[in-house]
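Order of listing sets the numbers, starting from 1, for every ligand and every atom in it.
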Amino acid sequence: MAVTIVVTGATGQVGRQVVGGLVAAGARVRAVTRRPEQAGLPEGVRVFKGDLDTPESLSAAFAGAEKLYLFPVPETASQVVDLAKQAGIRRIVVLSSSSVLEEGSHSGEHHLAVERAVEDSGLEWTFVRGDEFAVNVLWKWGEAIRSGDLVRAPYAEAVRVMVHEADVAGVAVAALLGDELVGSAPVVTGPEQLSQAEQIRIIGEVLGRDIRLTEIPPREARAEMVRFMPEPVVDMVLGILADAVQSPPQVATGVEEILGRPLKTFAEWVADHADDFRRAG
Ligand SMILES: NC(=O)c1ccc[n+]([C@@H]2O[C@H](COP(=O)([O-])OP(=O)(O)OC[C@H]3O[C@@H](n4cnc5c(N)ncnc54)[C@H](OP(=O)(O)O)[C@@H]3O)[C@@H](O)[C@H]2O)c1
(Lines give C-alpha, C1' and ligand atoms only; values in the text may rest on other atoms or scores of the structure.)
Protein backbone atom coordinates (compact mmCIF):
# COMPACT_ATOMS: atom_id res chain seq x y z
CA MET A 1 0.00 0.00 0.00
CA ALA A 2 1.18 3.54 -0.77
CA VAL A 3 2.90 5.40 2.06
CA THR A 4 1.09 8.43 3.54
CA ILE A 5 3.28 11.51 3.90
CA VAL A 6 2.42 14.90 5.40
CA VAL A 7 4.07 17.91 3.75
CA THR A 8 4.12 21.15 5.75
CA GLY A 9 5.10 24.39 4.01
CA ALA A 10 3.55 22.69 0.98
CA THR A 11 3.01 25.91 -0.97
CA GLY A 12 6.65 26.99 -0.53
CA GLN A 13 9.37 27.00 -3.18
CA VAL A 14 10.74 23.72 -1.88
CA GLY A 15 7.52 22.32 -0.40
CA ARG A 16 5.64 22.53 -3.70
CA GLN A 17 8.35 20.49 -5.39
CA VAL A 18 8.39 17.98 -2.54
CA VAL A 19 4.65 17.50 -3.10
CA GLY A 20 5.22 17.07 -6.86
CA GLY A 21 8.03 14.56 -6.36
CA LEU A 22 6.04 12.47 -3.90
CA VAL A 23 2.92 12.45 -6.11
CA ALA A 24 5.04 11.38 -9.09
CA ALA A 25 6.40 8.50 -6.99
CA GLY A 26 2.89 7.33 -6.10
CA ALA A 27 2.88 8.37 -2.43
CA ARG A 28 -0.33 9.54 -0.74
CA VAL A 29 0.31 13.18 0.03
CA ARG A 30 -1.34 15.33 2.66
CA ALA A 31 -0.41 18.96 2.10
CA VAL A 32 -0.69 21.45 4.95
CA THR A 33 -1.36 25.11 4.23
CA ARG A 34 -2.84 28.02 6.13
CA ARG A 35 -4.85 28.98 3.04
CA PRO A 36 -6.24 25.89 1.28
CA GLU A 37 -8.38 27.98 -1.08
CA GLN A 38 -5.25 29.56 -2.61
CA ALA A 39 -2.94 26.55 -2.43
CA GLY A 40 -3.14 25.47 -6.09
CA LEU A 41 -1.76 22.00 -5.36
CA PRO A 42 -1.91 19.08 -7.83
CA GLU A 43 -4.84 16.70 -8.28
CA GLY A 44 -4.86 13.80 -5.88
CA VAL A 45 -3.23 15.70 -3.01
CA ARG A 46 -5.34 15.95 0.15
CA VAL A 47 -5.13 19.52 1.35
CA PHE A 48 -5.40 20.21 5.09
CA LYS A 49 -5.80 23.61 6.68
CA GLY A 50 -3.09 23.92 9.32
CA ASP A 51 -0.62 26.36 10.79
CA LEU A 52 2.77 25.44 12.26
CA ASP A 53 2.31 28.37 14.65
CA THR A 54 -0.69 26.49 16.14
CA PRO A 55 0.41 22.86 16.47
CA GLU A 56 -3.08 21.52 17.39
CA SER A 57 -4.25 22.61 13.95
CA LEU A 58 -2.08 19.83 12.47
CA SER A 59 -3.78 16.90 14.26
CA ALA A 60 -6.12 15.94 11.41
CA ALA A 61 -3.30 15.93 8.84
CA PHE A 62 -1.07 13.82 11.12
CA ALA A 63 -3.65 11.16 12.09
CA GLY A 64 -2.67 7.85 10.48
CA ALA A 65 0.27 9.28 8.46
CA GLU A 66 3.68 7.62 8.44
CA LYS A 67 6.15 10.33 7.48
CA LEU A 68 6.46 14.09 7.72
CA TYR A 69 8.32 16.76 5.73
CA LEU A 70 8.81 19.54 8.25
CA PHE A 71 9.13 23.20 7.28
CA PRO A 72 11.30 24.72 10.07
CA VAL A 73 9.47 26.82 12.66
CA PRO A 74 11.65 26.66 15.81
CA GLU A 75 9.14 28.24 18.18
CA THR A 76 6.75 25.28 17.96
CA ALA A 77 9.01 22.49 16.69
CA SER A 78 8.96 20.45 19.94
CA GLN A 79 5.16 20.51 20.16
CA VAL A 80 4.76 19.65 16.48
CA VAL A 81 7.19 16.75 16.82
CA ASP A 82 5.39 15.46 19.95
CA LEU A 83 2.07 15.58 18.11
CA ALA A 84 3.56 13.76 15.13
CA LYS A 85 4.95 11.05 17.39
CA GLN A 86 1.64 10.60 19.20
CA ALA A 87 -0.11 10.30 15.84
CA GLY A 88 2.18 7.41 14.83
CA ILE A 89 4.47 9.24 12.41
CA ARG A 90 7.80 7.41 12.38
CA ARG A 91 10.04 9.57 10.19
CA ILE A 92 10.61 13.32 9.95
CA VAL A 93 12.60 14.98 7.18
CA VAL A 94 13.51 18.54 8.12
CA LEU A 95 14.08 21.39 5.69
CA SER A 96 17.25 22.69 7.34
CA SER A 97 20.17 24.87 6.34
CA SER A 98 23.93 24.54 5.90
CA SER A 99 24.12 27.59 8.20
CA VAL A 100 23.88 25.15 11.15
CA LEU A 101 27.57 24.46 10.46
CA GLU A 102 28.53 28.13 11.00
CA GLU A 103 29.19 29.10 14.59
CA GLY A 104 27.11 31.97 15.93
CA SER A 105 24.90 32.15 12.84
CA HIS A 106 21.39 33.55 13.39
CA SER A 107 19.99 31.22 10.71
CA GLY A 108 22.03 28.33 12.13
CA GLU A 109 20.43 28.70 15.58
CA HIS A 110 16.98 28.86 13.97
CA HIS A 111 17.46 25.58 12.12
CA LEU A 112 19.43 23.83 14.87
CA ALA A 113 16.51 24.30 17.25
CA VAL A 114 14.30 22.34 14.87
CA GLU A 115 16.91 19.66 14.21
CA ARG A 116 17.36 19.15 17.99
CA ALA A 117 13.61 18.83 18.59
CA VAL A 118 13.41 16.14 15.92
CA GLU A 119 16.54 14.29 17.04
CA ASP A 120 15.34 14.28 20.66
CA SER A 121 12.07 12.61 19.62
CA GLY A 122 13.76 9.26 18.91
CA LEU A 123 11.97 9.10 15.54
CA GLU A 124 13.81 8.44 12.29
CA TRP A 125 15.16 11.69 10.87
CA THR A 126 17.01 13.33 8.00
CA PHE A 127 18.12 16.95 8.01
CA VAL A 128 18.27 18.37 4.50
CA ARG A 129 20.76 21.18 4.93
CA GLY A 130 20.20 23.48 1.99
CA ASP A 131 22.84 26.01 1.08
CA GLU A 132 21.74 29.41 -0.22
CA PHE A 133 18.65 29.05 -2.41
CA ALA A 134 18.99 30.54 -5.89
CA VAL A 135 15.54 32.01 -5.31
CA ASN A 136 17.16 34.54 -2.96
CA VAL A 137 18.28 36.51 -6.02
CA LEU A 138 14.62 37.38 -6.58
CA TRP A 139 14.38 39.34 -3.35
CA LYS A 140 17.87 40.77 -3.81
CA TRP A 141 17.63 41.84 -7.46
CA GLY A 142 14.18 40.88 -8.79
CA GLU A 143 12.70 44.35 -8.49
CA ALA A 144 15.73 46.04 -10.08
CA ILE A 145 15.68 43.63 -13.03
CA ARG A 146 11.92 43.92 -13.51
CA SER A 147 12.12 47.69 -13.59
CA GLY A 148 15.43 48.32 -15.39
CA ASP A 149 18.80 46.95 -16.47
CA LEU A 150 20.94 48.04 -13.54
CA VAL A 151 21.56 46.04 -10.35
CA ARG A 152 23.24 47.75 -7.43
CA ALA A 153 24.85 45.29 -5.00
CA PRO A 154 27.66 45.08 -2.47
CA TYR A 155 30.46 42.48 -2.70
CA ALA A 156 30.37 41.78 -6.47
CA GLU A 157 33.11 39.17 -6.03
CA ALA A 158 31.35 37.25 -3.22
CA VAL A 159 31.13 33.62 -4.32
CA ARG A 160 28.08 31.47 -3.62
CA VAL A 161 27.07 27.90 -4.50
CA MET A 162 23.39 28.69 -5.10
CA VAL A 163 21.05 25.70 -5.11
CA HIS A 164 17.89 25.15 -7.16
CA GLU A 165 14.89 24.51 -4.92
CA ALA A 166 14.13 21.41 -7.03
CA ASP A 167 17.40 19.85 -5.88
CA VAL A 168 16.69 20.56 -2.20
CA ALA A 169 13.24 19.05 -2.71
CA GLY A 170 14.72 16.08 -4.58
CA VAL A 171 16.91 15.20 -1.60
CA ALA A 172 13.93 15.55 0.75
CA VAL A 173 11.87 13.24 -1.45
CA ALA A 174 14.69 10.67 -1.50
CA ALA A 175 14.89 10.89 2.30
CA LEU A 176 11.14 10.40 2.67
CA LEU A 177 10.84 7.46 0.26
CA GLY A 178 14.08 5.49 0.77
CA ASP A 179 15.93 4.37 3.89
CA GLU A 180 19.49 5.30 2.85
CA LEU A 181 19.38 8.83 4.30
CA VAL A 182 17.93 8.00 7.72
CA GLY A 183 20.12 9.55 10.43
CA SER A 184 22.06 11.72 7.98
CA ALA A 185 22.27 15.45 7.31
CA PRO A 186 23.23 16.01 3.67
CA VAL A 187 24.34 19.51 2.68
CA VAL A 188 22.75 20.45 -0.64
CA THR A 189 24.53 23.07 -2.75
CA GLY A 190 24.35 23.98 -6.41
CA PRO A 191 26.90 22.50 -8.86
CA GLU A 192 29.06 25.61 -9.38
CA GLN A 193 30.83 28.43 -7.56
CA LEU A 194 29.59 31.75 -8.92
CA SER A 195 30.40 35.28 -7.84
CA GLN A 196 27.53 37.74 -7.64
CA ALA A 197 28.93 39.44 -10.77
CA GLU A 198 28.82 36.08 -12.60
CA GLN A 199 25.26 35.43 -11.40
CA ILE A 200 24.12 38.76 -12.85
CA ARG A 201 25.92 38.03 -16.12
CA ILE A 202 24.13 34.66 -16.35
CA ILE A 203 20.74 36.22 -15.57
CA GLY A 204 21.29 38.70 -18.43
CA GLU A 205 22.41 35.95 -20.84
CA VAL A 206 19.46 33.67 -20.07
CA LEU A 207 16.93 36.51 -20.25
CA GLY A 208 18.59 37.90 -23.39
CA ARG A 209 19.13 41.30 -21.79
CA ASP A 210 22.07 43.56 -21.05
CA ILE A 211 21.94 43.71 -17.25
CA ARG A 212 24.73 45.66 -15.60
CA LEU A 213 26.05 45.57 -12.06
CA THR A 214 27.21 48.56 -10.07
CA GLU A 215 29.02 47.62 -6.89
CA ILE A 216 27.99 49.73 -3.90
CA PRO A 217 29.68 50.00 -0.48
CA PRO A 218 28.30 47.61 2.17
CA ARG A 219 27.32 50.61 4.32
CA GLU A 220 25.05 51.90 1.58
CA ALA A 221 23.56 48.45 0.98
CA ARG A 222 22.85 48.06 4.70
CA ALA A 223 20.99 51.36 4.88
CA GLU A 224 18.74 50.23 2.02
CA MET A 225 18.21 46.67 3.28
CA VAL A 226 17.16 47.59 6.83
CA ARG A 227 14.14 49.33 5.35
CA PHE A 228 12.57 45.96 4.43
CA MET A 229 14.46 43.32 6.48
CA PRO A 230 15.16 42.86 10.23
CA GLU A 231 18.61 44.18 11.20
CA PRO A 232 20.01 40.81 12.39
CA VAL A 233 19.08 39.28 9.03
CA VAL A 234 20.68 42.17 7.13
CA ASP A 235 23.87 41.81 9.14
CA MET A 236 23.83 38.04 8.60
CA VAL A 237 23.44 38.43 4.83
CA LEU A 238 26.19 41.07 4.57
CA GLY A 239 28.46 39.02 6.84
CA ILE A 240 28.01 35.95 4.64
CA LEU A 241 28.84 37.98 1.51
CA ALA A 242 31.93 39.55 3.11
CA ASP A 243 33.19 36.09 4.13
CA ALA A 244 32.39 34.70 0.69
CA VAL A 245 34.86 37.10 -0.96
CA GLN A 246 37.72 35.77 1.20
CA SER A 247 36.74 32.11 1.60
CA PRO A 248 34.43 30.89 -1.15
CA PRO A 249 32.03 28.09 -0.13
CA GLN A 250 32.59 24.68 -1.71
CA VAL A 251 30.28 22.55 -3.85
CA ALA A 252 28.94 19.68 -1.71
CA THR A 253 29.74 16.14 -2.76
CA GLY A 254 27.34 13.20 -2.96
CA VAL A 255 24.16 15.07 -3.88
CA GLU A 256 24.01 13.89 -7.49
CA GLU A 257 24.25 10.30 -6.25
CA ILE A 258 21.24 10.91 -3.97
CA LEU A 259 19.25 12.52 -6.80
CA GLY A 260 20.36 10.06 -9.49
CA ARG A 261 20.80 13.00 -11.90
CA PRO A 262 23.03 16.09 -12.32
CA LEU A 263 22.42 19.09 -10.08
CA LYS A 264 20.59 21.96 -11.77
CA THR A 265 22.77 24.89 -12.81
CA PHE A 266 22.10 28.52 -11.97
CA ALA A 267 21.31 29.14 -15.66
CA GLU A 268 18.62 26.44 -15.48
CA TRP A 269 17.22 28.10 -12.38
CA VAL A 270 17.03 31.48 -14.17
CA ALA A 271 15.28 29.83 -17.15
CA ASP A 272 12.78 28.17 -14.78
CA HIS A 273 12.07 31.57 -13.18
CA ALA A 274 12.23 33.79 -16.29
CA ASP A 275 8.65 34.98 -15.66
CA ASP A 276 9.65 36.25 -12.22
CA PHE A 277 12.07 38.71 -13.87
CA ARG A 278 9.64 39.82 -16.58
CA ARG A 279 8.72 43.49 -16.73
CA ALA A 280 5.11 44.16 -15.85
CA GLY A 281 2.72 45.19 -18.65
N1 LIG B 1 16.58 30.97 1.47
C2 LIG B 1 17.65 30.25 1.71
O3 LIG B 1 18.75 30.56 1.21
C4 LIG B 1 17.55 29.03 2.59
C5 LIG B 1 18.65 28.19 2.73
C6 LIG B 1 18.53 27.06 3.53
C7 LIG B 1 17.33 26.79 4.15
N8 LIG B 1 16.27 27.63 4.02
C9 LIG B 1 15.00 27.32 4.70
O10 LIG B 1 13.99 27.18 3.74
C11 LIG B 1 12.86 27.93 4.14
C12 LIG B 1 12.09 28.37 2.93
O13 LIG B 1 11.58 27.22 2.29
P14 LIG B 1 10.64 27.37 1.03
O15 LIG B 1 11.35 28.23 0.05
O16 LIG B 1 10.16 26.06 0.61
O17 LIG B 1 9.44 28.13 1.68
P18 LIG B 1 8.71 29.47 1.29
O19 LIG B 1 8.62 29.62 -0.18
O20 LIG B 1 9.27 30.55 2.14
O21 LIG B 1 7.26 29.11 1.80
C22 LIG B 1 7.02 28.40 2.97
C23 LIG B 1 5.58 28.02 3.06
O24 LIG B 1 5.39 27.53 4.36
C25 LIG B 1 4.20 28.03 4.89
N26 LIG B 1 4.53 28.66 6.15
C27 LIG B 1 5.38 29.65 6.42
N28 LIG B 1 5.39 29.92 7.72
C29 LIG B 1 4.52 29.06 8.27
C30 LIG B 1 4.08 28.85 9.56
N31 LIG B 1 4.54 29.56 10.58
N32 LIG B 1 3.15 27.91 9.76
C33 LIG B 1 2.68 27.19 8.73
N34 LIG B 1 3.08 27.33 7.48
C35 LIG B 1 4.00 28.27 7.27
C36 LIG B 1 3.59 29.00 3.91
O37 LIG B 1 2.50 28.35 3.30
P38 LIG B 1 0.96 28.76 3.53
O39 LIG B 1 0.90 30.25 3.48
O40 LIG B 1 0.31 28.09 2.37
O41 LIG B 1 0.56 28.21 4.83
C42 LIG B 1 4.69 29.20 2.86
O43 LIG B 1 4.19 29.15 1.55
C44 LIG B 1 13.42 29.09 4.93
O45 LIG B 1 12.46 29.59 5.83
C46 LIG B 1 14.57 28.44 5.64
O47 LIG B 1 14.11 27.85 6.84
C48 LIG B 1 16.36 28.73 3.24
Exercise. Let me know which of L95, L22, V19, I92 forms a side chain to side chain contact (heavy atoms under 4.5 Å, CB included) with Y69.
Key: L95
Quiz item: Hey, which of T8, L68, D51, L52 is the one that makes side chain to side chain contact (heavy atoms under 4.5 Å, CB included) with V32?
Solution: T8
List, for ligand 1, each N/O atom that has a protein N/O partner under 3.5 Å away, with both atom names and the distance.
residue, atom, partner, partner atom, Å
ligand 1, 1 (N), N136, OD1, 3.0
ligand 1, 3 (O), F133, N, 2.9
ligand 1, 3 (O), N136, ND2, 2.9
ligand 1, 16 (O), Q13, N, 3.3
ligand 1, 16 (O), V14, N, 2.8
ligand 1, 19 (O), Q13, N, 3.0
ligand 1, 31 (N), D53, OD1, 3.1
ligand 1, 31 (N), D53, OD2, 3.3
ligand 1, 32 (N), D51, OD1, 3.0
ligand 1, 32 (N), L52, N, 3.0
ligand 1, 37 (O), T11, OG1, 2.9
ligand 1, 39 (O), R34, NE, 3.4
ligand 1, 39 (O), R34, NH2, 3.0
ligand 1, 39 (O), R35, NH2, 3.0
ligand 1, 40 (O), T11, OG1, 2.7
ligand 1, 40 (O), T33, OG1, 2.5
ligand 1, 41 (O), R34, N, 2.8
ligand 1, 41 (O), R34, NE, 2.9
ligand 1, 43 (O), T11, OG1, 2.7
ligand 1, 47 (O), H111, NE2, 2.6

Exercise. Using side chain to side chain donor-acceptor pair (under 3.5 Å) as the criterion, list what pairs up with R201, not counting sequence neighbours.
Key: E205
Under 3.5 Å donor-acceptor pairs involving side-chain atoms of residues 35-49, not counting sequence neighbours:
residue, atom, partner, partner atom, Å
K49, NZ, R34, O, 3.1

Quiz item: What are the two closest non-hydrogen atoms of A174 and I258, and how far apart are they?
Solution: CB-CG2, 3.8 Å
Would you mind writing out the side-chain donor-acceptor pairs for residues 235-243 within the sub-3.5 Å range, not counting sequence neighbours?
residue, atom, partner, partner atom, Å
D235, OD1, R222, NE, 2.7
D235, OD1, R222, NH2, 3.2
D235, OD2, R222, NH2, 3.0

